[in-house]
Amino acid sequence: MNSKCSAMSMIEKDATQCNAPENKITQWRETPTKKILYAPKEETMILLGGLTNLQDKLIETALCSLSPNFIALPNPNLESFQKGKAFGNRGQCNPTYFTVGNLVKYLQELRDKQGLTTEEIVKKYALVTVGGCGPCRFGMYITEYKKALRDAGFDGFRITSIAQNKGIFQESDKEEDILDLSPKFFIILLKAIIIGDIINLLGYKMRPYEIEAGSVDKAMEACRVIVSKAFEQKTNLPKALWDCRKVLKKVKLNRLQPKAKILVMGEFWAAMTEGDGNYNLHRFLEAEGAECTPQPIINRLMLTFWEAEYKLKKIETLAVENGKKIDFSNVKSRLLIKMAKIAVKIHFGIYAKAIGLYNYEIPNMKKLATLGEQYYTLDCEGGEGHLEVAHLIESVKDNLSHLTISIKPFGCMPSSAVSDGVQSLVTSHYPSANFLSIETSGEGAANFYSRVQMALFKAKQAAIEEYEILNIPRNIPQKVHNYLYQPHNKKTGTAAQLIASLRD
Ligand code: SF4
């Protein structure tokens, strides 16, 4: 904005004055204060991260099979959070502080521990993140990164983003020229995400029942190495997952322990991260004798496809209402979305079968939309939208968990509105729901844990009652302890499901 316009309040001044040709308004851009000669694309190291620990590592290896320049950032910790607070704007949400601070921390370590100069770092490194328009701060993450980096001494550090809602149909970042956002890039990225989801889901199903502490983590790490090699050597991924099955089969489990099943959901990052960002909630629950059901990334992907289809339907309905012709580019878009959805489901199915994850149902977005729309508009896109409400109702109706925890980051407006506001109405209509909405602020872990423990007590009781009410056969076949035995029935807890399956 020019100085004449900026000197006056937009409310007070005559808007036409600023639109006059002599006072041309230009788009504000966050540009470095001095010109920087950046390293060419082939020499630029691309930092990425922000998903689960396993997925970040798998993505790094998978993308390095295209070009050797990708580095996964370490998992954000409390130090990251403190750096985010020190260099970020006031009043940001918790995930912003953790992720922005994590990048600052990593760059500072490159400078202070590896001896690179600030200039070298700014010239040679860049971050790729996911961006998009949302009903919240998600839409301004890049600006927040740039502000914090400038204040931390890394002015001009390059950041590029992948649009959250465009999938493989992205435009290359011509302006920054850091990444080739080719279909090949996205296909490899998606494969790594899907495989990461599957191994993580198995880890959460197995870890609470391991006989030897740490054996599941060890097996999962071995699986990561096998899959990473397959990505590196461009060999057959289902075959690699079949080899992982052999590793997992060796882990000794005792699955007849009635443990509370906890559905962990809420704000995308806070519910998914495995570290200080949510006080290590998943591990805490497991240590307290529970089994977690996490939200895999594929759920978010399915929501993105659903949102795209929903939007197209609205456009077509409006066109018909206004007597306009159907735009055939919409028909093409619909077909592309359908094909992408089928491709993701097929890949998930093949990989899941190969490693031995059976009976996992990818969420049915139409069913969830129907469940959620009575309480939350379907028109709100960007975050989890109606999904959080729908998951709670589905969990109660289909007996999916003994406790549902919704994580809402401190400072997150959408999360507070849903978890504290809308869910209160839902729980009043579904009084059997054991629901806990809990805030993560980065500090105050003791308070967080004690609230989780209180809700967990009721869930544990429910799991024990569900199990003890069953007629437990005298001779229980050994197969119930094999992770490949995954019966599907109306019981909630794993132990109860296994016993019930013997009687079916
Ligand atoms: S949903 Fe909440 S926590 Fe997540 S980016 Fe938006 S404001 Fe932040």
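Indexing begins at 1, ligand by ligand and atom by atom, following the structure's order. One-based numbering along the sequence shown. For the numbers below, each heavy atom of this structure counts, side chains included, while hydrogens, waters and symmetry mates do not.
Atoms of ligand 1 lying under 4.0 Å from at least one heavy atom of Y141, given by number and element, are 5 (S). Listed by number with element, the atoms of ligand 1 under 4.0 angstrom from any heavy atom of E267 are 1 (S), 3 (S), 4 (Fe).
Neither the backbone nor the side chain of F268 comes within 4.0 Å of ligand 1, counting heavy atoms alone.
Classification of the Y279-Y449 ring pair by plane angle, with boundaries at 30° and 60°, yields perpendicular. Using bins of under 30°, 30° to 60° and over 60° for the plane-to-plane angle, the ring pair Y97/F81 lands in the perpendicular bin.
For the ligand labelled ligand 1, residue P95 lies inside the 4.0 Å heavy-atom shell.
Judged by distance alone, the side chains of Q423 and S406 never bring a donor and an acceptor atom under 3.5 Å apart.
For OH of Y360, the number of neighbouring non-hydrogen atoms (other residues, nucleotides, ligands) closer than 6.0 Å is greater than 12.
A pairwise comparison of heavy atoms in S437 and K408 identifies OG-CE, 3.0 Å as the closest pair.
Atom 8 (Fe) of ligand 1 lies at 2.8 Å or more from every N, O or S atom belonging to C412.
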